[in-house]
Trainee: 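Before anything else, here's the structure in question.
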Amino acid sequence: MLQQTTVSVVKPYFHAFITRWPTLADLAQATLEDVLAAWAGLGYYARARNLHQCAQEVAFTGNGTFPTDTHALQRLPGIGAYTAAAMTAIAFGRRAVAVDGNIERVLARLFAVTDFLPAARSHIRILADALTPENRCGDFIQAVMDLGATLCTPRQPACMLCPLQRECVGFQQGLAATLPARAGQSPHPIHYGIAFFVLRKDGAVLLRRRPPKGLLGGMMEVPSTPWRDDFWTLEEAVAAAAPLSLEWHPLPGTVRHVFTHFRLDMRVVMGEAGSNPAARGIWSALDRMDEQALPSVMRKILVHAIRFGM
DNA sequence: AAGTCGTGGAT
DNA sequence: TATCCAAGACT
């Protein structure tokens, strides 16, 4: 959960997860649908699929015990170089070289590595290897990560409070706050779509499950047109993607959502269906949306539709 | 090996 | 409002 996600955001999800699936075997026996629903809102949903797959591999074909070897760990789904090293050091108490975003930043400043990321990573890894102790390696990793999270922060680092100030080359050169250097990001393209908010007579709303992989893979969605880089007219959208033959009423405003590499502007149209509409999908009551694997963007669309359509 | 993959908090 | 970025992994 903590991969690319802050502790404060993870906390409530983690506690809910651990309460619902206290053991590896519990998680392995859960359905992917339930795991995705519990993950909804956390983002990077491949992590949930990988975690579930990982639990099943360890529980069913690995006799219920994680391997303790770093390379074996890294072969499990969702466990990459960092996580395998962190598990080796923190869970199993053996030396391993772990470099996360915090450690990367601390080392880039400590040794004034001015090369741009990601090219500088191989150099930073050599520095990390040289510093990583044999004894209490897990504590070392967590100490450096905490230094990065509290004092050696991305912007306005608290160098005056830093216990490493005397040996920090970045600080001595006045570069600390500017490191590590990153290549400029290209601006995000904007994609457009129209979502179909279908309200059945009994108050249920039509949802669909997205394809198992890719963007929001396996999650539920409000039916919509494809997301493309041009506007849709209502006629175009209905012809291309309407889930039912209904009278569609455009709702005011736009739902804007920012993904990692593009921005989505969605308009919402509403249609009222009879008591037994022939649409493929899942009808879900509005007061039971918590049980659905709805990513934040879809929750936004529903909130918008309820606000302007009901 | 660069692109893909979410979301919310901080600034 | 715009930008950055977080206990990265996978393709």
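Everything quoted here is computed from the prediction, not taken from an experiment. Here is the naming used below: chain letters follow the sequence lines, and residue numbers restart at 1 for every chain.
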Trainee: Between A/Val113, A/Thr132, A/Leu110, which is the residue that forms a side-chain contact (heavy atoms from CB on, under 4.5 Å) with A/Leu127?
Mentor: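 That would be A/Val113; it is the only one of A/Val113, A/Thr132, A/Leu110 passing the side-chain contact (heavy atoms from CB on, under 4.5 Å) with A/Leu127.
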
Trainee: Between A/Phe259 and A/His257, does a ring pair (Phe, Tyr, Trp, His ring centres under 6.0 Å) hold up when you go through it step by step?
Mentor: CA-CA 7 Å; A/Phe259 290 94; A/His257 189 79; 4.9 Å; yes

Trainee: Grab the CG-P distance between A/Leu117 and B/dA1 for me, whole Å please.
Mentor: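 Spelled out: CG on A/Leu117 to P on B/dA1 is 16 Å.
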
Trainee: Can you tell me how far C1' of B/dT4 sits from CZ of A/Phe259, to the nearest Å?
Mentor: 12 Å

Trainee: Could you give the distance separating C/dT11 and B/dG6 at their P atoms, to the nearest angstrom?
Mentor: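 My reading of the P atoms in B/dG6 and C/dT11 gives 14 Å.
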
Trainee: Pick the P atom in B/dC5 and in C/dA7, then give their distance to the nearest Å.
Mentor: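 Their P atoms lie roughly 23 Å apart.
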
Trainee: Counting primed atoms plus P, OP1 and OP2 as sugar-phosphate and everything else as base, spell out the protein contacts along nucleotides 2-11 of chain C at 4.0 Å heavy-atom distance: B, S or - for each nucleotide, 5' to 3'.
Mentor: -BBSBBBSS-

Trainee: Expressed in angstrom and rounded to an integer, what is the separation of A/Tyr45 atom OH from B/dT4 atom C1'?
Mentor: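 In whole Å, B/dT4 C1' lies 15 Å from A/Tyr45 OH.
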
Trainee: Check the distance between B/dT4's C1' and A/Trp227's CH2 and give it to me in whole angstrom.
Mentor: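 Atom CH2 in A/Trp227 sits about 14 Å away from atom C1' in B/dT4.
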
Trainee: Quick check on side chain to side chain donor-acceptor pair (under 3.5 Å): which of A/Asn50, A/Thr83, A/Asp100 does A/Gln3 satisfy it with?
Mentor: A/Thr83

Trainee: If you look at every strand shown and take non-hydrogen atoms under 4.0 Å, does A/Ser296 touch a base, only sugar-phosphate, or nothing?
Mentor: sugar-phosphate

Trainee: Got a sec: does the CZ of A/Phe14 have more than 12 other heavy atoms crowding it under 6.0 Å?
Mentor: no

Trainee: Under a 4.0 Å N-O cut-off, is there an ion pair linking A/Asp230 with A/Arg228?
Mentor: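 The answer is no: the pair does not qualify as a salt bridge.
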
Trainee: Reckon A/Gly217 touches a base, only the sugar-phosphate, or nothing at all at heavy-atom distances under 4.0 Å?
Mentor: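 No contact.
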
Trainee: Remember a base hit wins even if backbone is also touched, and classify A/Val258 as base, sugar-phosphate or nothing at under 4.0 Å, heavy atoms.
Mentor: base

Trainee: Please state how far atom CD1 in A/Ile190 lies from atom P in C/dT1, giving the value in whole angstrom units.
Mentor: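 Rounded to whole Å, this separation is 14 Å.
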
Trainee: When the nearest nucleotide of DNA chain B is assigned to A/Val9 and to A/Phe262 on a heavy-atom basis, which residue is associated with the more 5' position?
Mentor: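 On the 5' side of the pair lies A/Phe262.
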
Trainee: Just checking A/Leu42: base, sugar-phosphate only, or nothing, at a heavy-atom cut-off of under 4.0 Å?
Mentor: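 Base, at least one base heavy atom under 4.0 Å.
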
Trainee: Kindly write out the residues that satisfy salt bridge (Lys or Arg N to Asp or Glu O under 4.0 Å) with A/Glu57, not counting sequence neighbours, or none if the list is empty.
Mentor: none

Trainee: Donor-acceptor pair, distance only, cut-off 3.5 Å: does the side chain of A/Arg208 make one with the backbone of A/Pro223?
Mentor: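 Pair absent, no side-chain N/O of A/Arg208 close to backbone of A/Pro223.
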
Trainee: Does A/His257 put a side-chain nitrogen or oxygen below 4.0 Å from OP1 or OP2 of B/dT7?
Mentor: yes

